[in-house]
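A note on names: the letters A, B, ... follow the listed sequences, proteins ahead of strands, and every chain is numbered from 1.
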Protein chains: 2
Amino acid sequence: MTASHRRPTTREVAALAGVSVATVSYVLNGKDGRVGEETRRRVLAAADELGYVRSSSARSLRLRRTERVCLVVGSIGVPAYDQLARDLSAAADEAGYGVMTIVVDSPARADKAVDLLRQHVADGAVVAPSVPLADAQLRALTGSRLPLVVMSNAVAPDGFDVVRTSEAAACVEAFDHLAATGRRRIAYLAHEHELTGRQPSERRDAYLDALDRHGLGPELVVPGADDRVGAYRAVEALLARPDRPDAIFAASDRAAITAILALRDAGLAVPEDVAVVGVGNLEEGRITRPPLTTVGPPAMDFHDVARLLFDRVLADETPFDREITTSWSFIRRGSA
Amino acid sequence: MTASHRRPTTREVAALAGVSVATVSYVLNGKDGRVGEETRRRVLAAADELGYVRSSSARSLRLRRTERVCLVVGSIGVPAYDQLARDLSAAADEAGYGVMTIVVDSPARADKAVDLLRQHVADGAVVAPSVPLADAQLRALTGSRLPLVVMSNAVAPDGFDVVRTSEAAACVEAFDHLAATGRRRIAYLAHEHELTGRQPSERRDAYLDALDRHGLGPELVVPGADDRVGAYRAVEALLARPDRPDAIFAASDRAAITAILALRDAGLAVPEDVAVVGVGNLEEGRITRPPLTTVGPPAMDFHDVARLLFDRVLADETPFDREITTSWSFIRRGSA
DNA sequence: CTGTTAGCGCGTTCAC
DNA sequence: GTGAACGCGCTAACAG
């Protein structure tokens, strides 16, 4: 492998091997049966000597395919997104594809993400931001014929697959359980985007509805579900209130787990003094004392999502739109 | 915007606007001053009408630049990697670049990652797998003139920048502190890759060294630092031993925090019965009871890394190799 | 059966 | 404001 400044091209390999570029391409792509053994060897030797590596841009241009997929998420470091990233990355790897990640944490970034996607930086995308894309943005993407899997409860399949969660019923069940066991003052520990976003939150709607149906006090919604430190502080603040809650429903398991800790640190018993319910069904909920009662899917995995995407990406003709719903349930353990 | 099957090209926009493709390109890239206002408007209108979006592959090919960077990490869902991903993503976003993520969790994947990188799927990369790349792999990458920032204590700059952490001294300090406060049986809660990998671990070396210097018992190294559930189980197992430890040094803060919980659940006092030290200096260590004593950087951020990379990526000529060392310290809070 | 010729994919930019 | 070359790999059609 000779050192040189410009990357060698198939032309140079061909020249060195004394063959045409076509032959080089056939050899390098394993299209054997078209090339004699001896020639094959010469080409490989030449490529090796020059340190030839094909240009992925040129290849993508010619193939009209990038062999990359894109993951659009709301943030990094959230259990569900991380798992999605892992599962998609594993599936991509298996298919010989790469993964681009775009973090969409503002409307401006959403626009930029849509632009990028329309420029065909990837052959398909899983779209799962915490704030769903606008209809117009989705249409822009399907308009550019990009294979798409959208994770959202707010849209129906329309040129793309949809993966949704049916969380409402399970949440209702959780709140009914809290009410039935005598909780009168239920606090809701919310994600930031539930408070600022325009999108409805099934969880919070279930909360408001339950308060209403059971004739329970004024709503008590505070932020703090996004991270553990925030959750701890939020719970501390809740406990300092004169109308201290006797139950906390946290929009994330991480926050709920932290709530249990904060309550214990404050000398309160869970669930006797304060009941705690989380969302997500993290493994970690099994090691708290008491174990965390939660609302969530049977297991956190996104193989389905990855499969839907690659079905579309690798398909010859556009497949029918599909829709998968993951049913959540109320998983009663010890904290409520 | 007319619906059509093939994506429109600059040629078609040019034709519709009655100008040349060169003009279209100039207009679309804001190279004004070369184009009259009226023409400009016509081009823009034509592009809009056709729903023109430029092909990023063609652009990359021509520009010899992908406007993408790559992040190579050992896994997803680990606090430090997640933060790195966030910081890199933010920097990339600002520069109008995208981020590809490659998860390298096996030697085979490392080879594939190096291949991809050599094919120029990105204009530069931050390489930070839990198991460092082999020298030959690094050389293969610098050989293809790829701007590179390597996070590793095991290599010296050589055509790439290196970001290292000086954790040894702080770890030694931590162990000395444990010994000085009378701990005689110190357990080490290790990452899986510390046990299986060939790479030396500064933390564990500091541990072994300390045992030796202070004449402390046989080593007690168990896996469990990788995730919270594993950490909880590992600590339970440690406590069931006849030679129960009186101190636990966990290779991650997440494990250390979990250890505190497990100890409390077992009815033991921290630090009186068992001292706990973590690694990483997570914010979360401030909300445990007692607050977590840890070894780590003053703050977990990777702006430096991102800056180094983009300095290289955006530089006209290859800059000098640089090396940044983040000094860790022993941060004594309540748990030891 | 083995290998070649030649054009294509599409945006960018220099010389006129 | 334009013509045309160029970046580089892929493959259909063709020749020996």
Side-chain angles (χ1 to χ4, degrees), chain A residues 4-44 46-47 50-67 115-116 118-121 123 144-145, chain B residues 4-44 46-47 50-67 115-116 118-121 123 144-145:
Chain A
S4 115
H5 258 202
R6 254 196 13 8
R7 305 163 41 124
T9 70
T10 32
R11 260 86 183 162
E12 296 166 53
V13 175
L16 181 58
V19 298
S20 72
V21 292
T23 302
V24 172
S25 180
Y26 289 134
V27 170
L28 262 28
N29 290 305
K31 253 83 166 184
D32 299 339
R34 292 199 53 92
V35 182
E37 187 52 31
E38 157 62 9
T39 310
R40 200 182 109 77
R41 241 191 293 281
R42 278 219 316 287
V43 169
L44 257 15
L50 294 176
Y52 172 79
V53 184
R54 72 180 167 211
S55 150
S56 77
S57 303
R59 180 179 163 87
S60 296
L61 174 60
R62 181 68 247 216
L63 259 32
R64 314 161 123 279
R65 185 185 354 128
T66 60
E67 300 186 334
D115 274 359
L116 264 181
R118 282 168 46 91
Q119 291 172 30
H120 204 135
V121 293
D123 300 335
S144 61
R145 314 181 53 67
Chain B
S4 115
H5 257 201
R6 256 201 6 13
R7 308 163 40 126
T9 70
T10 32
R11 260 86 182 166
E12 297 166 51
V13 175
L16 181 58
V19 298
S20 72
V21 291
T23 303
V24 172
S25 180
Y26 288 134
V27 170
L28 262 29
N29 290 305
K31 253 82 164 185
D32 298 340
R34 296 193 53 95
V35 182
E37 187 51 32
E38 158 60 8
T39 310
R40 200 181 108 77
R41 242 191 292 280
R42 279 218 316 287
V43 170
L44 257 14
L50 294 176
Y52 172 79
V53 184
R54 74 178 168 211
S55 151
S56 76
S57 303
R59 181 177 161 87
S60 295
L61 175 59
R62 181 66 246 215
L63 259 33
R64 314 162 123 278
R65 182 179 6 123
T66 61
E67 300 186 336
D115 273 358
L116 265 181
R118 282 169 46 91
Q119 290 172 30
H120 204 135
V121 294
D123 300 335
S144 61
R145 314 182 51 68

Less than 4.5 Å apart, any side-chain heavy atom of Leu44(B) and any of Arg41(B)? no
The contact string for nucleotides 10-16 of chain C, one letter per nucleotide 5' to 3', using protein heavy atoms under 4.0 Å with B, S and - for base, sugar-phosphate only and none, comes out as BBBBBB-
Any side-chain heavy atom of Arg118(A) sitting closer than 4.5 Å to one from Val121(A)? no
Donor on one side chain, acceptor on other, Ser20(B) and Thr23(B), under 3.5 Å: yes
One should read off an interatomic distance between Ser57(B) OG and His120(A) NE2, to the nearest 0.5 angstrom, of 6.5 Å
Rounded to 10 degrees, the angle between the two terminal axes of the helix from dC1(C)-dG16(D) to dC16(C)-dG1(D), each from five pairs: 50°
Which is true for Val35(B) with a 4.0 Å heavy-atom rule: it touches a base, it touches only sugar-phosphate, or it touches nothing? sugar-phosphate
Please answer whether the main-chain N or O of Val21(A) pairs with a side-chain N or O of Ser25(A) as donor and acceptor at a distance below 3.5 Å. no
The complete set of salt bridge (charged side-chain N to carboxylate O under 4.0 Å, His left out) pairs with one or both residues in residues 55-64 of chain A, sequence neighbours excluded, reads Arg59(A)-Glu67(A)
Atom-to-atom span, CZ of Arg40(A) to P of dC1(C) - whole angstrom: 17 Å
Look at all strands and tell whether Val19(B) reaches a base, only sugar-phosphate, or nothing, counting heavy atoms closer than 4.0 Å. sugar-phosphate
Do Val24(B) and Tyr52(B) have side-chain heavy atoms sitting under 4.5 Å apart? no
Heavy-atom side-chain contact between Arg54(A) and Asn29(A) under 4.5 Å: yes
